[in-house]
Amino acid sequence: MTRRIAVTGSASGIGKALVEMLRAQGDTVIGVDRDTADVRADLSTDEGRTRAVAEVADLGAGRLDGVVACAGVSLPDPIAVGVNYFGVVRLLEGLRPLLAAAPQPRAAVVGSIAGTQPVDQAVIDACLRDDEQAALERARAAVEGGAGFRLYPSSKSALAQWLRRAAVTADWAGAGIPLNAVAPGVVLSPMAAPLLEDEAMKKVVDEAVPMPLNGYAEPGVIAAALGWLISTGNTHMTGQVIYVDGGAEATLRGPEVF
């Protein structure tokens, strides 16, 4: 049976690889991105999120078998919080009724190994209170104070915590919707390209994200993991952050964290 899947960030990187994989196996995919996509929307704004939900609902005829939130930005800028946290959460919450209308719905998001790195706790706290204005104000203060580099890790840490809290609630687990995340290490995508092209920055990246198993990952590797999480074969895994990172998380945090 053909399944209907919505994928954000569908124009490049992991999202593009996932769209290609799903379509190749016969699924109908509704791509969401800022530029070239079935639904064009800026997920950093309330207007863009509302439009994305409405247009996906229209194209999906009121039902979705899966949603995967791949859209994200790694800039040391408040937009990282707007897209990576609120853009994902608002979209998933808006599309949840469409998932609940399907017989075997699934949802997944793209996290990051960066979520285990030093964060701005005030940004995370505001995100988890669902206070976007406060989160963005704190993010702007972080940038002004020279700590903008903590916004990407903060957004991904907040997202993982929201997911683990939401996944076991009546709205998600109670409605039969598994909700999980894949947390990549370094992926050979347009987002990472500028860092890896600079030898000095590449050294910093390698020290921050050591990947003893096979090194950097192609986008398709992450897409394959996401594909299983939203497959009908996943009946009991929920609330999990799966590190597809070449061993980076295990290296950095050690065997005591599991």
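- Linking ILVMFWY residues whenever their side-chain heavy atoms come closer than 4.5 Å, directly or via other members, leaves Val29 and Val56 in distinct clusters.
- The backbone N or O of Gly82 lies less than 3.5 Å from no partner atom in the side chain of Ser44, so there is not a single donor-acceptor pair.
- Between the Lys156 side chain and the Val110 main chain, a donor and an acceptor come within less than 3.5 Å of each other.
- Pro105 and Pro178 get closest at one heavy-atom pair: O-CD, 3.2 Å.
- Of all the heavy atoms in Gln161 and Leu128, the pair that sits closest is OE1-CD1, 3.5 Å.
- Between Tyr243 and Val182 there is no side-chain heavy-atom pair separated by less than 4.5 Å.
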Take Arg96 and Ile177, measure what side chain to side chain contact (heavy atoms under 4.5 Å, CB included) needs, and give me the verdict at the end.
CA-CA 9 Å; Arg96 186 180 52 77; Ile177 311 171; 4.0 Å; yes

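- Counting only distance, with no hydrogens or angles, the side chain of Thr251 and the backbone of Gly247 share a donor-acceptor pair below 3.5 Å.
- Tracing side-chain contacts under 4.5 Å through hydrophobic residues (I, L, V, M, F, W, Y), one reaches Leu163 starting from Val123; they form part of the same cluster.
- Across all non-hydrogen atoms, the minimal contact from Asp33 to Ala11 is OD2-N, 2.9 Å.
- For Arg140, the CZ atom counts as densely surrounded, since its 6.0 Å shell holds more than 12 non-hydrogen atoms of other residues, nucleotides or ligands.
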Could you walk me through whether Trp172 and Leu99 pass the side chain to side chain contact (heavy atoms under 4.5 Å, CB included) test, one step at a time?
CA-CA 9 Å; Trp172 292 93; Leu99 289 167; 4.0 Å; yes

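- Taking OH of Tyr152 as the start and OG of Ser157 as the end, the distance is 12.5 Å to the nearest 0.5 Å.
- Within the structure, the salt bridge (Lys or Arg N to Asp or Glu O under 4.0 Å) test picks out no pair touching residues 176-190 (sequence neighbours left out).
- Judged by distance alone, with hydrogens and angles left aside, the side-chain atoms of Thr45 form a donor-acceptor pair with the main-chain N or O of Gly48 at under 3.5 Å.
- Ionic pairing of Asp130 and Arg165 is not present here: no N-O contact between side-chain nitrogen and carboxylate oxygen is shorter than 4.0 angstrom.
- Using a 4.0 Å cut-off between charged side-chain N and carboxylate O, Arg138 and Asp120 make a salt bridge.
- In terms of modelled atom types and a separation under 3.5 Å, the side chain of Arg63 and the main chain of Ala102 share no donor-acceptor contact.
- In this structure, the side chains of Val39 and Ser10 stay at 4.5 Å or more apart for every pair of heavy atoms.
- Here the CH2 atom belonging to Trp162 is positioned 12.5 Å from the SG atom belonging to Cys127, to the nearest 0.5 angstrom.
- For Thr8 (side chain) and Cys70 (main-chain N/O), a donor-acceptor pair under 3.5 Å exists by modelled atom type.
- Two residues are said to be in side-chain contact when any heavy atoms from C-beta on lie closer than 4.5 Å; Arg90 and Glu132 meet this criterion.
- Distance check: Tyr216 OH to Ser189 OG gives 12.0 Å after rounding to the nearest 0.5 Å.
- Between Pro184 and Ile14, some side-chain heavy-atom pair lies under the 4.5 Å cut-off.
- Between the CZ atom in Arg34 and the CG atom in Leu43 there is a gap of 9.5 Å [rounded to 0.5 Å].
- No donor-acceptor pair closer than 3.5 Å links the side chain of Asp245 to the backbone N or O of Ile113.
- Within the 3.5 Å criterion, the main-chain N or O of Arg23 finds no donor-acceptor partner in the side chain of Asp27.
- When all heavy atoms of Arg4 and Leu59 are compared, the closest pair comes out as CD-O, 4.4 Å.
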Report the C-alpha separation of Arg106 and Leu229 in whole Å, then their side-chain angles, then the decisive distance to 0.1 Å, and conclude whether the side chain to side chain contact (heavy atoms under 4.5 Å, CB included) test is met.
CA-CA 7 Å; Arg106 306 286 184 267; Leu229 287 176; over 6 Å; no

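- Under the 3.5 Å distance criterion, the side-chain polar atoms of Gln240 are matched with a main-chain donor or acceptor of Thr238.
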Please determine whether salt bridge (charged side-chain N to carboxylate O under 4.0 Å, His left out) holds for the pair Lys202 and Asp206, giving the CA-CA distance in whole Å, both sets of side-chain angles, and the decisive distance to 0.1 Å.
CA-CA 6 Å; Lys202 182 177 181 298; Asp206 289 343; 3.2 Å; yes

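- In plain terms, the two heavy atoms of Pro76 and Leu151 that are nearest each other are C-CD1, 4.3 Å.
- In this structure, Leu188 and Leu196 have side chains that are in contact, with non-hydrogen atoms separated by less than 4.5 Å.
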Show, in sequence, the C-alpha distance, side-chain angles and deciding distance for Ile30 and Leu64, and conclude whether the side chain to side chain contact (heavy atoms under 4.5 Å, CB included) test is met.
CA-CA 10 Å; Ile30 302 169; Leu64 286 174; 4.1 Å; yes

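- The hydrophobic clustering, which links ILVMFWY residues whose side-chain heavy atoms are closer than 4.5 Å, places Val109 and Val81 together.
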Would you check, one step at a time, whether the test salt bridge (charged side-chain N to carboxylate O under 4.0 Å, His left out) holds for Arg49 with Asp46?
CA-CA 5 Å; Arg49 299 162 194 159; Asp46 278 333; 3.0 Å; yes

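- Cluster annotation: Val68 is not connected to Tyr85 through the hydrophobic network of ILVMFWY side chains, with a link wherever side-chain heavy atoms come within less than 4.5 Å.
- For the atom pair CD (Gln25) and CZ (Arg3), the distance works out to 8.0 Å, reported to the nearest 0.5 Å.
- Both Trp228 and Val19 sit in one connected hydrophobic cluster of ILVMFWY residues. Membership requires side-chain heavy atoms under 4.5 Å apart, directly or through other members.
- Note that CD1 of Ile5 is 4.5 Å distant from CD1 of Ile230, once rounded to the nearest 0.5 Å.
- Val186 is listed as a side-chain neighbour of Met211, based on a closest heavy-atom distance under 4.5 Å.
- In terms of modelled atom types and a separation under 3.5 Å, the side chain of Asn180 and the main chain of Met237 share a donor-acceptor contact.
- Residues Ala69 and Val88 come closest through the heavy atom pair CB-CG1, 3.8 Å.
- Neither side chain, Thr169 nor Asp171, offers a donor N or O lying under 3.5 Å from an acceptor on the other.
- In Arg51, the CZ atom is crowded: over 12 heavy atoms of neighbouring residues, nucleotides or ligands sit closer than 6.0 Å.
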